[in-house]
Structures are given as C-alpha cells and as structure tokens.
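Note that the numbering runs from 1 along the sequence shown for the chain.
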Amino acid sequence: MTVLVPTMGALHKGHQALIKRARELDKEVVVSIFVNPLQFTEAADLEKYPRTPEADIQIATLAGATEVWFPTYEEIYPNEPVQISAGPIGELYEGASRPGHFAGVLTVVNRLFEIVKPKAAVFGEKDFQQLWLIKNHFKKMEIISVPTIREFDGLALSSRNVRLTESDRNAALIISKALKEPARMAEILATEPEFKLDYADIIDEQNFQIATDATKNKRAIIAGWVNGIRLLDNAVVDTNS
C-alpha cells in the first residue's frame with residue numbers, strides 16, 4: 001500500500017524530509033500537489049501562493065517519491081464540496097484569524113484519503129494546529145509527523161518564504177529567536193518593528209488551552225506577518241522552564 005504526502009507544492013527541504021520519512025514506511029510514496037482554494041480566506045493569498053510544478057517534480061523524485069500527483073479541482077471536488085467542521089479547536093488561533101481555514105484543510109485531506117486510499121500519511125509539525133486536527137479527525141488513518149526543518153539561522157522552512165525579501169527574512173528571524181526563550185516571547189517579538197503579531201502563547205498540546213505550571217506537554221506557538229506575508233512557527237517548551 002501507498003504512503004501519502006499531501007502538499008500544496010512549492011516544495012523545499014521540509015517537504016523532502018516528509019517524503020524521506022514516508023519512504024521509510026513503504027516503497028510506494030505518492031506526493032500530492034494541490035493548492036486547495038477552500039483553505040484560503042483571501043483570494044489575493046491564493047493567487048500569490050507560489051507554484052513551481054517542474055521543480056516540485058524534481059525535488060519530490062530525488063527525495064524518493066514514486067508518484068507526483070497534480071489533481072485538478074474537478075478531481076478533488078467533482079461536486080459542490082460539503083466542508084468538514086473542525087470543531088471548537090478549529091476556531092482557535094489560526095482558525096480565529098482565518099475563519100473556515102481548517103474546515104477547508106480537513107475537507108481536502110478527506111478527499112485525498114478517499115482517492116489515494118493510503119495506509120499512512122505524513123505531515124510536518126510546523127503547522128501544529130493543523131496536524132493536531134488531522135490526527136484527531138482521522139483517527140483510523142496512521143498519521144506520521146515530522147519535526148520542523150529549519151534554515152541554518154533558525155527560520156522555519158515554508159513555501160511562503162520565497163516571497164520574503166532579504167530585509168523581510170531578517171525580520172522573520174525574530175520568531176525563532178522568541179521560541180528559544182518562551183518566558184520572554186512577547187518581549188522579544190516586540191523588538192522587531194517589521195513583525196506584526198497575531199498571537200504568541202504557550203499552550204497545552206492536548207487541548208490548546210493556555211498552559212499552566214501543571215501542564216505536562218507545553219508548546220509555544222507564534223503567528224504573524226512580515227510585509228503582509230503570514231508566518232507561523234512553534235516549538236516544544238521544556239516543562240522545567
């Protein structure tokens with residue numbers, strides 16, 4: 001059986017890590033590349049999303065993909081899509097900032113699973129809330145997660161990074177710097193005038209509530225914008241910190 005790596009394209013080393021992990025699970029690895037309109041809350045963001053199909057094929061193949069699949073909208077949604085509710089946690093954080101985003105994510109993932117019928121699927125931890133929702137909705141599917149891949153200076157790899165100018169990129173580094181000192185996150189983020197904060201919290205990984213001293217599994221989550229480009233990142237917080 002196949003292992004699926006769902007993506008929206010503009011592949012990078014982070015995606016390669018997902019594909020390599022999938023290849024460890026099975027010799028058949030399908031990488032889907034579909035920019036899903038349902039998960040975009042702004043038409044401009046959808047239009048600007050980077051599309052690099054030729055490079056994607058090369059990157060995926062070199063990482064071990066046996067099939068790179070570019071489904072059409074009609075293949076994914078042959079009829080008017082009935083969107084899957086993401087529930088209360090889908091309305092927090094990313095869901096609060098991007099209403100309907102997670103319903104779009106769950107809907108397209110469901111269709112990909114229906115079509116490919118994989119034995120497992122691999123996702124990255126950078127989109128931690130997305131990963132949590134997928135794991136909790138698709139409990140019958142084996143969902144494998146891979147830690148966030150970073151540049152040498154700590155910047156989390158993202159397809160949107162190609163839109164960052166050198167100045168933007170320097171400003172974006174404040175996110176990974178802040179994650180290294182969770183007790184001072186807000187203070188550190190405030191030192192970068194080019195970073196527009198959406199949220200920065202330390203949460204309980206189990207339920208996305210604000211972590212307390214008694215919380216066993218804490219995670220720092222940050223999201224915001226640099227020059228209109230949305231960036232998000234997260235990191236496990238040492239329970240002794």
Chemist: So, Ser167 versus Asn170: side-chain donor-acceptor pair below 3.5 Å or not?
Modeler: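 Note: Ser167 and Asn170 side chains miss the donor-acceptor criterion.
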
Chemist: Is there a side-chain contact between Phe70 and Ile57 (heavy atoms, below 4.5 Å)?
Modeler: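 Sidechains of Ile57 and Phe70: in contact.
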
Chemist: Compare all side-chain heavy atoms of Glu125 with those of Val146 and state whether any distance is below 4.5 angstrom.
Modeler: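 A side-chain contact under 4.5 Å is absent here.
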
Chemist: Please say whether more than 12 non-hydrogen atoms of neighbouring residues, nucleotides or ligands are located less than 6.0 Å from NZ in Lys119.
Modeler: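 Yes, the 6.0 Å shell around NZ holds more than 12 heavy atoms from other groups.
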
Chemist: Can you tell me if CD on Gln58 sees more than 12 non-hydrogen neighbours from other groups inside 6.0 Å?
Modeler: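 For Gln58, atom CD is not crowded (no more than 12 foreign heavy atoms under 6.0 Å).
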
Chemist: Can you tell me how far the OG1 atom of Thr2 sits from the CG atom of Asp26, to the nearest 0.5 Å?
Modeler: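 It is 6.5 Å, given to the nearest 0.5 Å.
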
Chemist: Going by heavy atoms in the side chains, are Ser159 and Met8 under 4.5 Å from each other?
Modeler: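 Result no, sub-4.5 Å side-chain heavy-atom pair not found.
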
Chemist: Would you say Gln129 and Leu92 make side-chain contact, with heavy atoms under 4.5 Å?
Modeler: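 A side-chain contact under 4.5 Å exists here.
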
Chemist: Flag the pair Glu166 and Arg169 as a salt bridge only when some basic side-chain nitrogen lies within less than 4.0 angstrom of an acidic carboxylate oxygen.
Modeler: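 Between Arg169 and Glu166 there is no salt bridge, as every charged N stays at least 4.0 Å from the carboxylate O atoms.
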
Chemist: May I ask you to decide if the ring planes of Phe113 and Phe138 are parallel, tilted or perpendicular, using 30° and 60° as cut-offs?
Modeler: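 Rings of Phe113 and Phe138: perpendicular, over 60°.
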
Chemist: For the backbone of Ser32 and the side chain of Thr7, can you confirm whether one donor and one acceptor N or O come within less than 3.5 Å of each other?
Modeler: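 At least one qualifying donor-acceptor pair exists.
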
Chemist: Decide, yes or no, whether a salt bridge links Arg219 with Asp204 under the criterion of side-chain N to carboxylate O below 4.0 Å.
Modeler: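 So Arg219 does not pair with Asp204 through a salt bridge.
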
Chemist: Is it true that a side-chain atom of Thr41 and a backbone atom of Arg98 form a donor plus acceptor pair closer than 3.5 Å?
Modeler: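 The answer is no, because no donor-acceptor pair under 3.5 Å joins these two groups.
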
Chemist: May I ask you to say whether Asp153 pairs ionically with Lys177, meaning some side-chain N is under 4.0 Å from a carboxylate O?
Modeler: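 So Asp153 does not pair with Lys177 through a salt bridge.
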
Chemist: Do the side chains of Arg163 and Asp168 get close enough for a salt bridge, i.e. N-O under 4.0 angstrom?
Modeler: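 A salt bridge is absent here (no side-chain N lies under 4.0 Å from a carboxylate O).
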
Chemist: How far apart are the C-alpha atoms of Asn36 and Tyr73, what are their side-chain angles, what is the distance that settles it, and do they pass the side chain to side chain contact (heavy atoms under 4.5 Å, CB included) test?
Modeler: CA-CA 8 Å; Asn36 176 38; Tyr73 183 89; 5.9 Å; no

Chemist: Is the side chain of His101 donor-acceptor paired with the backbone N or O of Gln39 at a distance under 3.5 Å, no angle test?
Modeler: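 Flag set: sc His101 to bb Gln39 pair under 3.5 Å.
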
